[in-house]
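For this chain, numbers begin at 1 and follow the sequence in order.
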Amino acid sequence: MRPEILYPLFTSIGSIKGVGERAYKLVTNLIGGDKIVNMMWHLPSNIIDRSYAPRLANAVAGRICTVAVKVVEHIPPKNNRQPYRVIVEDDTEQLTLTFFKVYAQSITKSLPVGEFRIISGKLESFNGQLQMAHPDYIARPEDIAKILGIETVYPLTAGISNKTIRKYMEQVLAKIPNFPEWQDQKFLEQQKWPSFKEAILKVHNPRYLSDLEPFATERCRIAYDELLANQLALAIVRQRVKKQYGRSICGNGELRQKIINLLPFKLTDAQQRVLNEIYADLQQPYRMLRLLQGDVGSGKTIVALLAMISAVECGAQAAIMAPTEILAKQHFETIEDLCNKIGVSCALLTGKTKTKERKQILADLAEGKINIVIGTHALFQEDVSFKDLAFVVIDEQHRFGVHQRLMLSEKGNKADVLVMTATPIPRTLVLTAYGDMEYSKIDQVPEGRKPVDTRVLPLSKLSDVVQGLKRKLETGARAYWVCPLVEESEKSDLAAAEERFESLKKIFGSSVGLVHGKMKEKDKDAVMEDFKSGKINLLVATTVIEVGVNVPEATLMIIEHAERFGLAQLHQLRGRIKRGFEASTCLLLYNLPLSETAKERLNIMKNSEDGFMIAEKDLELRGGGEILGTKQSGFANFRLANMEVHKNLLHIANQDAKMILELDPKLESQRGQALRTLLYLFEKDDMVRNYRG
């Protein structure tokens with residue numbers, strides 16, 4: 001149950017004085033919720049200094065002025081094009097207030113002739129006369145203290161003024177209680193941080209522009225509170241997953257050794273280390289939930305196969321699920337050949353599997369005749385059942401929802417789950433988006449694999465590139481030509497790919513193929529097969545080839561308009577020519593003018609192949625929300641924390657959360673009780689309460 005101390009913050013914003021039906025809708029959309037707490041997280045974006053209060057004779061035009069004046073005269077307009085004017089004065093000078101398209105009645109009411117008023121707005125000078133158009137504030141003299149000084153400015157939406165938001169915010173801030181302190185006292189003293197209430201009040205009442213910066217003391221305090229709530233919730237979930245009884249999988253290693261003996265290469269130290277981490281997890285009586293991250297070509301599929309064989313050695317079944325048919329087929333081709341040689345049966349199940357064949361596969365899975373199944377979303381379907389599914393591998397997790405992961409693992413008998421991704425994920429994202437999982441990383445490529453020679457060239461050299469491509473193809477090489485992401489709305493990415501395909505066809509004839517996302521799956525597969533077999537040696541493509549195309553013979557990639565791609569995407573594309581052991585080349589063609597960010601991206605690609613470093617740089621250049629190509633990437637949802645500035649605080653929060661649960665696993669101590677309030681304040685209670693691992 002939510003602690004009573006939080007009740008005032010979780011009432012509807014409809015309870016705020018002045019919030020009617022229209023304002024309720026506008027404010028709810030603006031703050032992303034309908035609770036008072038959502039309003040509290042709506043932080044200011046600027047300040048207006050209204051403390052400049054000169055006599056009119058000394059006032060400097062162009063500044064925001066707050067002046068005490070007497071209303072002298074109203075001059076209504078002669079026609080609709082003219083403004084309504086009001087002459088006001090102090091004891092030194094006159095000032096003309098101008099109003100466009102307003103009701104005369106409201107002006108005469110707020111500015112009665114002969115009365116004194118406080119006026120605040122931007123002062124201008126026209127033909128030597130002082131003017132102020134539409135003053136921001138018109139108030140009675142006794143209210144001067146409310147206007148004079150620093151005004152907080154909030155992000156707004158059409159239909160709601162800053163004055164209105166400030167009026168609402170005043171009521172919201174009055175409802176913040178004195179919370180019990182949930183942070184460690186020594187840590188607070190080290191950081192020189194105030195209490196949560198002091199910090200949030202200061203953030204909403206900045207005195208200087210520097211108070212609005214994410215690195216300001218009070219901003220860091222509340223950002224850390226949010227990060228700790230996030231990390232503590234994930235740590236509790238991870239703790240629960242760890243304690244969910246599963247089954248101990250501990251094969252005798254015979255089949256695994258047979259696979260290793262069949263491999264034409266030696267496992268890298270990184271692969272062996274990761275396998276040991278997985279085997280140790282599998283032997284535990286608890287369910288495994290582990291993220292395996294490895295760059296393109298680092299050998300994740302073999303690691304997944306050996307882990308699945310471990311389950312097969314115990315007489316159980318394993319499944320691997322991929323986001324696309326091409327990727328599922330690719331896994332199947334790698335796995336089937338090795339499995340056949342050691343007498344392990346495996347099958348491929350996708351949406352394209354023919355009805356008769358599908359029926360047979362489903363029957364064999366239910367009877368336990370199939371040891372390993374490789375598939376797409378088709379594995380989710382209700383009629384897919386297993387005799388004894390003990391181990392599930394999910395490839396490219398970010399393309400599936402968490403509920404899909406759970407659906408597949410629940411088809412098993414307390415199945416262990418290994419999630420794999422070739423998308424390099426920055427450490428901060430691993431902690432926030434995948435914080436409910438244990439984490440393994442293959443940070444080594446197989447021996448003998450040569451680095452890609454990456455070159456950056458202007459598009460003006462296109463004819464030279466085509467000549468070079470011609471020479472390369474004549475030697476029997478295969479190449480990709482990746483077409484640009486098109487920005488102009490009237491032209492689609494597909495049109496660009498088709499245009500390039502037609503122009504290259506005139507030069508290379510029938511040896512050129514085209515694949516794009518709008519093609520039917522079977523047509524796409526047919527072209528890919530022709531490319532794999534060497535029937536065609538140049539493949540023109542959109543980013544559809546980013547994930548899951550395995551053609552080791554392809555050693556050249558040309559990326560047109562490379563400046564339009566994100567770093568992670570460029571890295572993923574380049575990975576397509578890192579599948580074999582031949583030297584390969586990647587040409588990044590750019591168009592001028594180049595932005596500073598685009599220039600930096602291309603330089604990083606030219607100088608590095610380290611996917612993990614590239615991921616960190618991508619995070620710096622693009623921000624968290626875009627990295628995984630979706631908005632579900634963890635800290636896109638942070639309201640107070642800014643990862644560019646608060647990254648170090650996330651790491652501290654991660655360690656703090658671990659220590660908290662080690663010392664007080666049920667959050668029963670005095671600090672533990674306060675931390676429960678923190679989880680409820682940041683609405684992490686549902687995540688902790690409803691998680692099903």
Subject >> side chain to side chain contact (heavy atoms under 4.5 Å, CB included) evaluation trace for L227 with M643 >> reply: CA-CA 10 Å; L227 292 169; M643 276 309 116; 3.5 Å; yes

**OP:** Start with the C-alpha gap between Q257 and N261, add the side-chain angles, then the distance that decides, and say whether side-chain hydrogen bond (donor to acceptor under 3.5 Å, both in side chains) holds.
**Re:** CA-CA 6 Å; Q257 195 52 54; N261 295 342; 3.1 Å; yes

Original post:
Going through the checks in order, is the side chain to side chain contact (heavy atoms under 4.5 Å, CB included) test met by T376 and M321?
Top reply: CA-CA 5 Å; T376 55; M321 185 177 70; 5.9 Å; no

**OP:** Given side-chain hydrogen bond (donor to acceptor under 3.5 Å, both in side chains), test D388 with Q317 step by step and report yes or no.
**Re:** CA-CA 6 Å; D388 185 13; Q317 293 166 296; over 6 Å; no

**OP:** Under the side chain to side chain contact (heavy atoms under 4.5 Å, CB included) rule, what do L675 and Y680 come out as? Steps first, then yes or no, please.
**Re:** CA-CA 9 Å; L675 284 162; Y680 276 97; over 6 Å; no

**OP:** Decide yes or no on side chain to side chain contact (heavy atoms under 4.5 Å, CB included) for H646 and F638, but give the supporting numbers first.
**Re:** CA-CA 11 Å; H646 301 135; F638 285 143; over 6 Å; no

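Proximity of Q572 to L570: side-chain heavy atoms (C-beta onward) are nowhere separated by under 4.5 Å. Between K522 and K352 the shortest side-chain heavy-atom distance does not fall below 4.5 Å. Residues I577 and C586 form a side-chain contact, since some pair of their non-hydrogen atoms from C-beta on lies under 4.5 Å apart. V384 is listed as a side-chain neighbour of F386, based on a closest heavy-atom distance under 4.5 Å. Between V515 and V527 there is a side-chain heavy-atom pair separated by less than 4.5 Å. Residues I442 and D295 form no side-chain contact, since every pair of their non-hydrogen atoms from C-beta on lies 4.5 Å or further apart. Counting heavy atoms from C-beta outward, P3 and L681 have side chains that stay 4.5 Å or more apart. Annotation: side chain of L667 is not in contact with side chain of Q673 (no heavy-atom distance under 4.5 Å).
Rounded to the nearest 0.5 Å, atoms CD1 (I320) and CZ (F391) are 9.0 Å apart. Put simply, CG on L539 and CG on D530 are 10.0 Å apart, with the number rounded to the nearest 0.5 Å. Here the CG atom belonging to L275 is positioned 6.5 Å from the CG atom belonging to L267, to the nearest 0.5 angstrom. Remark: C314 SG to L255 CG distance equals 10.0 Å, nearest 0.5 Å. In this structure, CG on L292 lies 13.0 Å from CD1 on I394, to the nearest 0.5 angstrom. In this structure, the separation between CD1 on I374 and CD1 on I335 is 4.5 Å, given to the nearest 0.5 Å.
Contact detail for E609 and H571: the closest heavy-atom pair is O-CE1, 3.5 Å. Considering every non-hydrogen atom in both L678 and D225, the closest pair reads CD1-O, 3.7 Å. Shortest non-hydrogen contact noted between L389 and V392 is CD2-CG2, 3.8 Å. Taking each heavy atom of Q271 and S298 in turn, the nearest pair found is NE2-O, 3.6 Å. The two atoms that bring L349 and A378 nearest to each other are O-CB, 4.0 Å, heavy atoms only. Contact detail for A497 and T542: the closest heavy-atom pair is CB-CG2, 3.9 Å.
The main-chain N or O of V551 is never found under 3.5 Å from a side-chain atom of R478 such that the two would form a donor-acceptor pair. In this structure, the side chain of E367 does not engage the main chain of K387 through any donor-acceptor pair within 3.5 Å. Formation of a donor-acceptor pair under 3.5 Å by the N371 side chain with backbone atoms of C346 is not found in this model. Although no hydrogens or angles enter the test, the distance criterion places a donor-acceptor pair under 3.5 Å between the side chain of R287 and the main chain of A415. Judged purely by atom type and a 3.5 angstrom limit, E313 uses its side chain to pair as donor or acceptor with the backbone of E254. In terms of modelled atom types and a separation under 3.5 Å, the side chain of D395 and the main chain of A322 share no donor-acceptor contact. Checked by atom type and distance alone, the side chain of D416 never pairs as donor or acceptor with a backbone atom of L282 at under 3.5 Å. A donor-acceptor pair is defined here as one N or O able to donate and one able to accept, closer than 3.5 Å; such a pair exists between the side chain of E226 and the backbone of R639. A donor-acceptor pair under 3.5 Å links the side-chain atoms of N38 to the main chain of K35, judged by distance alone. In terms of modelled atom types and a separation under 3.5 Å, the side chain of S608 and the main chain of M605 share no donor-acceptor contact.
At a threshold of 4.0 Å, the pair E333-K532 counts as salt-bridged, since one of the basic side-chain nitrogens sits closer than that to a carboxylate oxygen. Look at D383 and R358 and you find a salt bridge, because one of the NZ, NE, NH1 or NH2 atoms lies within 4.0 Å of a carboxylate O, short of that distance. Salt bridge present: K329 and D525 bring a charged side-chain N and a carboxylate O closer than 4.0 Å. Between K359 and D364, none of the side-chain N atoms (NZ, or NE/NH1/NH2) sits under 4.0 Å from a carboxylate O, so this pair counts as no salt bridge. With salt bridges taken as basic N to acidic carboxylate O contacts below 4.0 Å, one links K341 and D337.
Remark: aromatic rings of F531 and Y480 are close, center separation under 6.0 Å.
Among Q293, E277, K300, R273, the one residue that satisfies the side chain to side chain donor-acceptor pair (under 3.5 Å) test with S440 is E277.
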Residues 655-662 side chain polar contacts: donor-acceptor under 3.5 Å, at least two apart:
residue : atom : partner : partner atom : Å
D656    : OD2  : Y224    : OH           : 3.1
D656    : OD2  : R671    : NH2          : 3.2

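Taking the ring axis of Y279 as reference, the NZ or CZ atom of R256 stays within 45° of it and closer than 6.0 Å to the ring centre.
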